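Here is the structure we will look at.
Protein chains get the first letters and strands the later ones, always in sequence-line order, with residue 1 at the start of each. These numbers come from a predicted model, not from an experiment.
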Amino acid sequence: MTEATHTAVFPVRDYDLAATLGSGQAFRWEGREDGWHGVVGSRPVRLLAEGGCLKAFSHTPQIEWGWLTEYLQTGLNLGAVLATFPADGPLGRAVAACRGLRLLRQEPWECLASFILSSTKQIVQIRQIVALLCERFGDSLAVDRGSSPVYSFPSAARLAGVSEADLRACKMGFRAPYLRETAAAVASGQVDLQALSGRSLEGARAELVRLPGVGPKIADCVLLFAYGFPAAFPVDVWILKALQELYFPKRRMSAARLRRFSETHFGPNAGYAQQYLFHYMRTQIR
DNA sequence: AACCAGGACACAA
DNA sequence: TTGTGTCATGGT
């Protein structure tokens, strides 16, 4: 039998917590002096990297921590993933620059809604919009006395009932009707997010793209960051720039050709390669 | 102060 | 199939 605890320690090799939580796949983590503060589902949690381990702190005692190890993917053998990468220079440099970068396994609705808000927005702005959304329409969660209040990510049913004007007040602009309509489609069961995990990559993508405000890029983000399809390869402006400048520096390539290249070049874990290139481009190359 | 940001969509050719 | 204008908002 197991005892409920406020803290847990997970031994991990090659886990760069800062790169993982700060690389633009999730938008609610805040790095402070005492660690990374965030919310997983309805559980506020603080994370710390300490000598080959991740330490987790919860306000309420937890009987089991599977919800967190699943989210963080601490059980993943990163070396096995990296071993499937093609041995090219740019990807090698990207991996060397941020080894330990991981992909999270996020809750599908939060991930979907967040990325609907992400289009042509800088990551700092996405974070601000998501924070406002949670603050205004999420549920208040219990936290330690004295610490600032924490909110859950609002459910699809909740957001479906929010007026477009109130959504726009969260600074999301033209994305407001997209979020509202997608929330309604999910809340009504018109699209079953839970059923997507049992589908093929192509099948799940086709289902997501039906939602208003969800095109191929956002669909691939959700497929990669929430459902764990390792071959999903989101192509955004940073990835286009990375492919153009790092792989084809001589001749100008169209976006379509770069996309075609990515579909065959990076292998079964292309999504991981994508995240390394994305983070490498944003932090090292500029 | 222009330029651009983890795009999608309607419409053109 | 591939190219262009439009849609808010604010960081750099």
Side-chain angles (χ1 to χ4, degrees), chain A residues 19-29 94 98 101-104 106 108 110-133 136 162-186 191 205-227 229 231-246 252-263 266 270-286:
Chain A
T20 300
L21 301 180
S23 63
Q25 42 179 325
F27 303 103
R28 300 195 64 197
W29 291 99
C98 42
L101 172 62
R102 303 286 190 124
L103 292 181
L104 299 169
Q106 302 180 53
E110 175 173 346
C111 186
L112 171 61
S114 297
F115 276 97
I116 285 176
L117 302 175
S118 76
S119 69
T120 51
K121 276 294 181 190
Q122 298 182 156
I123 289 174
V124 283
Q125 289 182 304
I126 302 167
R127 298 171 58 83
Q128 186 192 1
I129 295 170
V130 169
L132 282 171
L133 200 62
R136 293 181 184 180
V162 175
S163 74
E164 183 180 323
D166 287 345
L167 289 180
R168 281 181 184 264
C170 296
K171 306 176 186 296
M172 65 183 72
F174 62 83
R175 304 156 193 83
Y178 291 154
L179 178 61
R180 203 171 117 80
E181 289 167 27
T182 289
V186 170
V191 167
R205 181 185 290 133
E207 193 69 7
L208 284 174
V209 164
R210 289 175 44 201
L211 294 163
V214 181
K217 189 273 174 180
I218 290 175
D220 276 357
C221 284
V222 177
L223 293 169
L224 184 61
F225 302 143
Y227 291 96
F229 286 97
F233 192 95
V235 177
D236 72 337
V237 292
W238 287 99
I239 291 300
L240 285 177
K241 196 161 116 171
L243 295 177
Q244 174 67 70
E245 293 179 11
L246 303 180
R252 165 74 191 173
M253 301 278 280
S254 73
R257 286 189 65 86
L258 291 172
R259 174 182 274 281
R260 300 306 259 311
F261 169 75
S262 74
E263 286 170 359
F266 293 105
Y272 273 88
Q274 175 276 155
Q275 195 64 11
Y276 276 92
L277 289 173
F278 177 78
H279 196 246
Y280 177 58
M281 204 65 188
R282 279 181 22 92
T283 59
Q284 315 284 317
I285 306 295
R286 170 87 190 103

In whole angstroms, how far is the [atom2] atom of [N] from the [atom1] atom of [X]?
X	N	atom1	atom2	answer
A:Phe115	B:dG7	CZ	P	10 Å
A:Glu181	B:dA8	CD	P	16 Å
A:Gln274	B:dG6	CD	P	13 Å
A:Ile129	B:dG6	CD1	C1'	13 Å
A:Leu258	C:dG3	CG	P	11 Å
A:Gln122	C:dG11	CD	P	8 Å
A:Trp238	C:dT12	CH2	C1'	11 Å
A:Leu117	B:dA8	CG	C1'	13 Å

Quick one: are A:Arg168 and A:Pro177 in side-chain contact, heavy atoms under 4.5 Å?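 In short, these two side chains touch, coming nearer than 4.5 Å.
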Could you please name the option among [options] that lies closest to any side-chain atom of [X]?
X	options	answer
A:Gln25	B:dG7, B:dG6, B:dA5	B:dG6
A:Val237	C:dA8, B:dA8, B:dA5	B:dA5
A:Lys171	B:dG7, B:dA8, C:dT9	C:dT9
A:Tyr178	C:dT2, B:dC9, C:dG11	B:dC9

What does [X] touch in the nucleic acid at a heavy-atom separation under 4.0 angstrom: a base, only the sugar-phosphate, or nothing?
X	result
A:Ser23	base
A:Phe27	nothing
A:Phe278	base
A:Thr120	base
A:Gly213	sugar-phosphate

Anything under 30° is parallel, anything over 60° is perpendicular, the rest tilted; go ahead and classify A:Trp238 against A:Phe278.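 Answer is perpendicular, since the angle exceeds 60°.
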Assign the ring pair A:Phe174 / A:Tyr178 to parallel, tilted or perpendicular, where the plane angle (0 to 90°) is split at 30° and 60°.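 Correct class here is perpendicular.
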Residue whose closest nucleotide on DNA chain B lies nearer the 5' end, A:Val124 versus A:Val214: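 The answer here is A:Val124.
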Rounded to whole angstrom, note down the P distance from B:dG6 over to C:dT2.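 Approximately 26 Å lies between the P atom of B:dG6 and that of C:dT2.
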Output yes when a side-chain donor or acceptor of A:Gln128 lies under 3.5 Å from a complementary backbone atom of A:Gln125, and no otherwise.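 Judged by distance alone, no pair lies under 3.5 Å.
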Using a 3.5 Å distance criterion without hydrogens, assess whether the side chain of A:Gln275 forms a donor-acceptor pair with backbone atoms of A:Ser23.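 Yes: the side chain of A:Gln275 pairs with the backbone of A:Ser23.
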For A:Ser119 and for A:Gln128, locate the closest nucleotide of DNA chain C by heavy-atom distance; then report the residue assigned to the nucleotide nearer the 5' terminus.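 Final value for this comparison: A:Ser119.
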For C:dA8, does OP1 or OP2 lie under 4.0 Å from any side-chain N or O of A:Arg168?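 Yes, because at least one side-chain N or O of A:Arg168 sits under 4.0 Å from OP1 or OP2 of C:dA8.
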For C:dT9, take OP1 and OP2 only and decide whether either is under 4.0 Å from a side-chain N or O of A:Lys121.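 No.
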Under 3.5 Å donor-acceptor pair, A:Gln275 side-chain atoms to B:dG6 base atoms: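 It does, because a donor-acceptor pair links the side chain of A:Gln275 to the base of B:dG6 below 3.5 Å.
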If I take atom CG from residue A:Leu224 and atom CD from residue A:Gln106, how far apart are they, to the nearest 0.5 angstrom?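 Reported value, rounded in 0.5 Å steps: 9.5 Å.
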